[in-house]
Amino acid sequence: ILFSYKKLSYIIILTLQSILCIFIVHFFNGNILLHQNLEKNILSNFLFLIIMFSGITIIAAKINYLKDVEYIKDKAKLFKINKSLIKINTEIDQLNVAALHSMKTPLYVAEDFIKQLHKNAIAQNENFDSNEYITLINNSIHLSEMYVQNLFIYDAIITNTITYEYFKMLEKIKFVLEIATKKASNVSITVDCNDFMVHTNEFCFLVILENLITNGLKYNNSDRKTLTISARKNRYETVVRITDNGIGIEPIYFDRVFFPFVRINQNIQVDGTGLGLSSVKIAASKINGNVKIVESSKKGTTFEFNFKNN
């Protein structure tokens with residue numbers, strides 16, 4: 001936009017004044033106010049032009065003043081609306097946190113109760129399928145806990161203010177691998193990464209890395225699970241690739257897997273909430289990055305996420 005509304009209006013008024021001046025001089029030939037004395041006639045026409053210019057300028061100024069007043073009022077209204085929306089969003093966030101905490105408490109109680117029942121059943125040698133029911137209930141409680149935990153992470157990614165920290169890439173990769181492989185067995189991991197520094201949001205980075213590594217191990221039926229993690233940094237961005245030998249993802253689902261509550265492998269007996277990859281997608285966008293599936297087959301999947309160097 002070359003001109004603001006105010007500047008444009010002044011240009012239009014100036015143009016109208018010039019047209020009016022030309023019209024008076026050329027079409028009326030200086031005889032708008034008739035006087036026998038030529039000097040008086042020129043002076044009268046000159047005064048007439050000044051009065052006309054002044055009148056048009058005052059009208060233009062008045063119009064702009066009214067527009068400015070209207071703009072200030074609208075801006076004040078928007079400020080109040082924005083302030084109220086921020087307050088409402090803050091209250092909703094507080095309600096979400098309170099609700100999630102409230103959901104956790106009965107789950108913990110139920111889980112402890114089930115564990116105690118299980119111990120009593122074993123102690124009394126009760127084998128009337130009680131173990132099967134207890135296992136079913138216990139798995140449901142565990143899934144509910146996963147939902148609560150993932151909702152916490154999802155909410156934190158969306159609502160938290162993004163700050164940037166310096167940390168070592170290789171150090172964080174090893175940290176996540178240590179956590180993700182604790183319950184996994186027969187896993188072969190290859191890391192191709194120099195120990196360079198990155199400057200981004202650590203929480204979002206860890207959410208992305210942990211989800212992609214965990215999924216590579218979780219959705220994997222191979223006798224020996226393999227993960228290859230590579231990280232490269234150039235002048236503009238940092239790129240991380242994670243390749244597994246899991247069950248793979250069909251190309252038609254390459255975009256859909258990043259939607260909330262979407263699970264494409266419903267027949268696989270693996271606990272999941274459908275929030276992991278959607279959290280990854282949002283976390284990547286929060287740090288000015290992106291995540292995508294580079295390739296996938298029944299022999300495994302390669303994910304890639306990148307983020308700008310800040």
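Worth saying up front: this structure is predicted, and the values here are computed from it rather than measured.
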Just so I know, are the side chains of [X] and [Y] near enough to count as touching, which here means a heavy-atom distance under 4.5 Å?
X	Y	value
Asp192	Ile229	no
Leu177	Val191	yes
Ile287	Phe307	yes
Leu217	Thr181	yes
Ser188	Lys225	no
Thr243	Leu227	no
Met169	Thr238	yes
Ile157	Phe203	yes

Taking all heavy atoms of [X] and all of [Y], pick out the closest pair and write down the distance.
X	Y	value
Asn220	Thr226	ND2-N, 4.5 Å
Phe254	Ile249	CE1-O, 3.3 Å
Val240	Ala231	CG2-CB, 4.1 Å
Thr200	Tyr164	CA-CD2, 3.3 Å

Can you measure from [atom1] ([X]) to [atom2] ([Y]) and round to the nearest 0.5 angstrom?
X	Y	atom1	atom2	result
Lys281	Lys286	NZ	NZ	15.5 Å
Asp244	Thr214	CG	OG1	11.5 Å
Leu209	Cys204	CG	SG	13.0 Å
Asn211	Phe305	CG	CZ	11.0 Å

Should [X] and [Y] be counted in the same cluster of Ile, Leu, Val, Met, Phe, Trp and Tyr side chains packed under 4.5 Å apart?
X	Y	result
Leu170	Leu212	yes
Leu78	Ile72	no
Val239	Met197	no
Ile179	Ile189	yes

Just checking Asp255: does its CG atom have more than 12 heavy atoms from other residues, nucleotides or ligands closer to it than 6.0 angstrom? no

For [X] and [Y], which I'm curious about, is there any donor-acceptor pair between the side chains at under 3.5 Å?
X	Y	answer
Asn186	Asp223	no
Lys292	Asn306	no
Asn290	Ser285	no
Glu304	Thr302	no
Ser296	Thr301	yes

Check whether any side-chain N or O of [X] sits under 3.5 Å from a backbone N or O of [Y] as a donor-acceptor pair, and report yes or no.
X	Y	answer
Asn245	Arg224	yes
Asn221	Ile247	no
Ser297	Lys299	yes

Test side-chain contact (heavy atoms from CB on, under 4.5 Å) applied to Glu210 and Val207, step by step: CA-CA 5 Å; Glu210 184 179 358; Val207 166; over 6 Å; no

CA sep, side-chain torsions, deciding dist, call: Ile242, Thr228, side-chain contact (heavy atoms from CB on, under 4.5 Å): CA-CA 6 Å; Ile242 299 171; Thr228 301; over 6 Å; no

Is the NZ or CZ atom of Lys233 both under 6.0 Å from the centre of the six-membered ring of Phe196 and within 45° of that ring's axis?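 Judged by the rule (NZ or CZ under 6.0 Å from the ring centre, within 45° of its axis), Lys233 is not positioned above Phe196.
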
Non-neighbouring partners of Phe167 that pass ring pair (Phe, Tyr, Trp, His ring centres under 6.0 Å), sequence neighbours left out: Phe205

Which residue pairs pass the side-chain hydrogen bond (donor to acceptor under 3.5 Å, both in side chains) test with at least one member in residues 167-179, sequence neighbours excluded? Lys172-Glu202

